[in-house]
Amino acid sequence: MTYTSALLRLLDERGYIHQMTDAEGLDKLAATQVVPGYIGFDATAPSLHVGSLVQIMLLRRLQQAGHKPVVLMGGGTTRIGDPTGRDESRKMLTAETIDANIASIRTVFERFLTFGDGPTDAVMVNNHDWLGKLGYIELLQEVGTNFTVNRMLTFDSVKLRLEREQPMTFLEFNYMILQGYDFWHLAKTGGVRLQMGGSDQWGNIVNGIELSRRKDGIEVFGVTTPLLTTADGGKMGKTAAGAVWLNEDALPAYDFWQYWRNADDRDVGKFLRLFTDLPLEEIARLESLEGSEINAAKVTLANEVTRLCRGEEAARTAEATAAQTFAGGGLGADLPVIVLPPDGITLIDALVGIGFAASRGEAKRLIAGGGARVDGEAITDEAHMIAASAADVRISSGKKKHGVLRPA
RNA sequence: GGACAGGUGGCCGAGUGGUUAAAGGCAGCAGACUGUAAAUCUGCCCGCGCAAGCGUACGCUAGUUCGAAUCUAGCCCUGUCCA
């Protein structure tokens with residue numbers, strides 16, 4: 001269908017929409033007024049990772065289309081402890097940790113959104129502010145009567161778990177109620193009219209919509225994004241080193257840049273639409289590049305995403321480092337560096353020290369497998385000693401990971 | 001509370017006394033090919049040690065045994081059914 005509102009047109013043409021509750025209704029609303037819309041985020045770690053980037057961009061689009069983004073931090077729900085872990089001993093986070101996490105995560109949002117007091121300025125809220133005050137009995141009275149277990153059992157999140165005969169705790173079961181409560185609360189007190197989220201949030205969103213309607217007759221809307229997978233079927237944002245974190249102190253800009261530079265050919269267009277502000281015509285051009293030409297599009301992708309998330313400077317340095325390292329065979333400023341002691345260092349220690357191997361055994365295997373290089377030359381001798389040198393020595397694991405040994 | 005099934009390496013999942021650091025798959029790392037892509041093929045994939053080897057590991061604890069992931073007891077946890 002064709003939309004009249006700038007918001008839905010934007011979301012549609014860039015590929016953010018998976019499901020919507022009432023497309024016409026939302027379209028009409030977005031065409032006539034500023035729509036405050038929110039997305040919820042976890043506060044379990046000091047940084048979000050690439051998996052949350054679609055949602056963050058979605059809030060950015062909302063603002064671009066002239067609406068008001070509301071970032072909901074799950075300070076309250078996190079405080080209860082994340083129940084999804086299979087090991088029960090998932091530790092509960094302290095209030096201080098959660099608050100620190102939220103502060104850290106906020107710095108990233110500030111790059112993507114304009115915060116402030118204006119009508120379309122972004123705001124960040126914390127559901128601990130209202131959930132924390134809520135007594136259990138009160139919660140049961142307020143919202144418990146509006147949920148039937150019959151219906152809750154039909155939601156995918158519950159149904160799948162039961163079908164797979166995996167445990168679902170009562171706490172988890174309650175999450176959907178708490179999340180529904182969030183939506184209602186924001187609708188009632190903040191005029192929020194829209195909740196967005198990943199496709200796995202559909203059930204929660206619908207619950208909030210129902211709750212708002214039943215309690216106060218407020219009409220609110222929901223949009224979900226498609227589940228993002230890479231073209232080869234993997235989850236977004238997993239690499240050798242683990243998650244691709246958005247915060248600089250959790251993942252260096254160069255590694256962040258490399259993540260995008262190494263995107264699958266088939267994902268380039270999709271990623272450009274979702275994660276950059278480039279105009280669609282430009283994206284269409286980049287996406288149509290064939291063969292090795294598409295590498296240029298990947299560089300653009302990496303530059304744009306890094307610029308948004310880490311800033312102009314970080315993107316430039318990362319790109320320059322990549323150019324020098326790969327094209328020039330040299331050393332870029334952003335590569336990891338460790339000290340080359342005056343009396344040299346074993347290759348094994350160097351590999352472990354710089355983080356290319358997690359243990360000495362792993363370093364040895366890397367060497368034995370022919371993946372270790374010193375100044376571009378493959379070394380297969382496990383006992384190899386890197387002699388002291390006046391100049392920087394380049395050390396590599398495979399063809400992509402490079403680092404610098406710098407004389408003290 | 002009772003009956004039954006189960007808890008294995010990052011994940012899934014074999015293994016029911018030794019030859020098992022534990023099949024197979026996924027994920028991951030490296031090599032070849034290429035374009036810092038994909039697909040494919042090859043090697044690696046608990047830690048320490050140059051090595052022989054040592055240490056740790058199959059829910060927890062205590063046993064049986066020359067020897068246990070495998071047997072016994074107790075406990076904890078999960079699922080299914082019954083109360």
Side-chain angles (χ1 to χ4, degrees), chain A residues 83-90 158 160-172 229-244 254-272 286-303 306 318-332 334-335 346-349 351-352 354-374 376-385 394-403:
Chain A
T84 53
R86 296 265 267 126
D87 307 325
E88 85 304 326
S89 57
R90 176 72 67 102
V158 178
L160 292 173
R161 201 74 87 74
L162 294 179
E163 275 167 12
R164 295 174 60 199
E165 297 193 350
Q166 286 184 339
M168 162 163 265
T169 66
F170 186 63
L171 184 63
E172 284 176 279
T229 52
T230 51
D232 56 357
K235 279 206 197 84
M236 275 290 294
K238 294 257 296 192
T239 62
V244 180
Y254 176 69
D255 294 321
F256 185 80
W257 193 92
Q258 280 292 327
Y259 174 74
W260 298 100
R261 172 59 185 81
N262 283 306
D264 190 300
D265 284 9
R266 295 164 290 180
D267 287 327
V268 171
K270 180 168 76 178
F271 287 179
L272 283 167
L286 289 168
E287 187 178 23
S288 67
L289 294 173
E290 297 282 339
S292 62
E293 301 266 287
I294 201 161
N295 283 333
K298 292 185 188 178
V299 170
T300 304
L301 172 67
N303 282 340
T306 306
E319 185 189 12
T321 295
Q324 283 160 23
T325 307
F326 288 96
L331 296 167
D334 249 5
L335 295 179
T346 63
L347 178 53
I348 290 175
D349 287 336
L351 288 169
V352 173
I354 208 155
F356 290 167
S359 67
R360 296 172 55 78
E362 199 177 303
K364 281 184 224 170
R365 277 180 240 122
L366 178 66
I367 297 168
R373 288 187 174 79
V374 175
E377 201 175 319
I379 305 288
T380 49
D381 173 18
E382 284 184 7
H384 184 80
M385 189 76 192
R394 172 196 175 100
I395 180 174
S396 316
S397 163
K399 289 179 184 142
K400 290 189 202 169
K401 282 185 280 188
H402 306 283

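Just so we're on the same page: letters track the sequence lines, and every chain starts at 1.
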Quick one: label A:Glu382 by what it contacts on the DNA or RNA (base, sugar-phosphate, nothing), any heavy atom closer than 4.0 Å. nothing
Remember a base hit wins even if backbone is also touched, and classify A:Gly370 as base, sugar-phosphate or nothing at under 4.0 Å, heavy atoms. sugar-phosphate
Which nucleotide in the list [options] gets nearest to the side chain of [X]?
X: A:Phe326; options: B:G31, B:U36, B:C50; answer: B:U36
X: A:Ser397; options: B:A37, B:G49, B:A30; answer: B:A30
X: A:Ala322; options: B:A38, B:U36, B:A37; answer: B:U36
X: A:Asn295; options: B:G35, B:A30, B:U36; answer: B:G35
X: A:Ser292; options: B:G35, B:G31, B:A38; answer: B:G35
X: A:Leu366; options: B:G35, B:C29, B:U36; answer: B:C29
X: A:Lys298; options: B:U36, B:G35, B:A38; answer: B:G35

Please state how far atom [atom1] in [X] lies from atom [atom2] in [N], giving the value in whole angstrom units.
X: A:Ile354; N: B:C29; atom1: CD1; atom2: C1'; answer: 17 Å
X: A:Lys270; N: B:A37; atom1: NZ; atom2: P; answer: 19 Å
X: A:Arg373; N: B:C29; atom1: CZ; atom2: C1'; answer: 14 Å
X: A:Asp264; N: B:A39; atom1: CG; atom2: P; answer: 7 Å
X: A:Arg360; N: B:G49; atom1: CZ; atom2: C1'; answer: 9 Å
X: A:Asp265; N: B:G35; atom1: CG; atom2: C1'; answer: 8 Å
X: A:Ile367; N: B:C29; atom1: CD1; atom2: C1'; answer: 14 Å
X: A:Glu290; N: B:A38; atom1: CD; atom2: P; answer: 17 Å

Side-chain heavy-atom pair [X], [Y] within 4.5 angstrom cut-off:
X: A:Phe326; Y: A:Lys399; value: no
X: A:Gln324; Y: A:Leu331; value: no
X: A:Val268; Y: A:Leu286; value: no
X: A:Thr325; Y: A:Arg394; value: yes
X: A:Leu272; Y: A:Glu287; value: no
X: A:Asn262; Y: A:Lys298; value: no

With a 3.5 Å limit on both atom pairs, tell me what [N] is paired to, counting Watson-Crick and G-U wobble, or say none.
N: B:G53; result: B:C48
N: B:G24; result: B:C12
N: B:U65; result: none
N: B:G6; result: B:C77
N: B:C41; result: B:G31

Using atom [atom1] in both nucleotides, what's the gap between [N] and [M] to the nearest angstrom?
N: B:C81; M: B:U8; atom1: P; value: 22 Å
N: B:G7; M: B:A14; atom1: C1'; value: 15 Å
N: B:A51; M: B:U16; atom1: C1'; value: 35 Å
N: B:A21; M: B:A30; atom1: P; value: 29 Å
N: B:U19; M: B:A69; atom1: P; value: 10 Å
N: B:C54; M: B:G49; atom1: C1'; value: 8 Å
N: B:C58; M: B:C71; atom1: P; value: 15 Å
N: B:C60; M: B:U80; atom1: C1'; value: 24 Å

Looking at [X], I'd like to know whether one of its side-chain N or O atoms comes within less than 4.0 Å of OP1 or OP2 on [N].
X: A:Arg365; N: B:A30; result: no
X: A:Lys400; N: B:A37; result: yes
X: A:Lys399; N: B:A32; result: yes
X: A:Ser359; N: B:C48; result: yes

A:Val299 vs A:Glu362, nearer the 5' end of RNA chain B by closest nucleotide: A:Val299
Contact nearer the 5' end of RNA chain B, comparing A:Glu293 with A:Phe356: A:Phe356
Find the distance between CG (A:Asp264) and CD1 (A:Ile294) and round it off to the nearest 0.5 Å. 9.0 Å
Nearest-0.5 Å distance, OH of residue A:Tyr254 to OG1 of residue A:Thr306: 11.5 Å
Working note: A:Arg360 + A:Asp349, criterion side chain to side chain contact (heavy atoms under 4.5 Å, CB included); need CA distance, chi angles, decisive distance, verdict. CA-CA 7 Å; A:Arg360 296 172 55 78; A:Asp349 287 336; 2.8 Å; yes
Would you kindly say whether A:Ser292 and A:Asn295 are connected by a side-chain donor-acceptor distance under 3.5 Å? no
Nucleotide by nucleotide, 5' to 3', does protein get under 4.0 Å of the base (B), only the sugar-phosphate (S), or neither (-) in nucleotides 52-57 of chain B, counting heavy atoms? ------
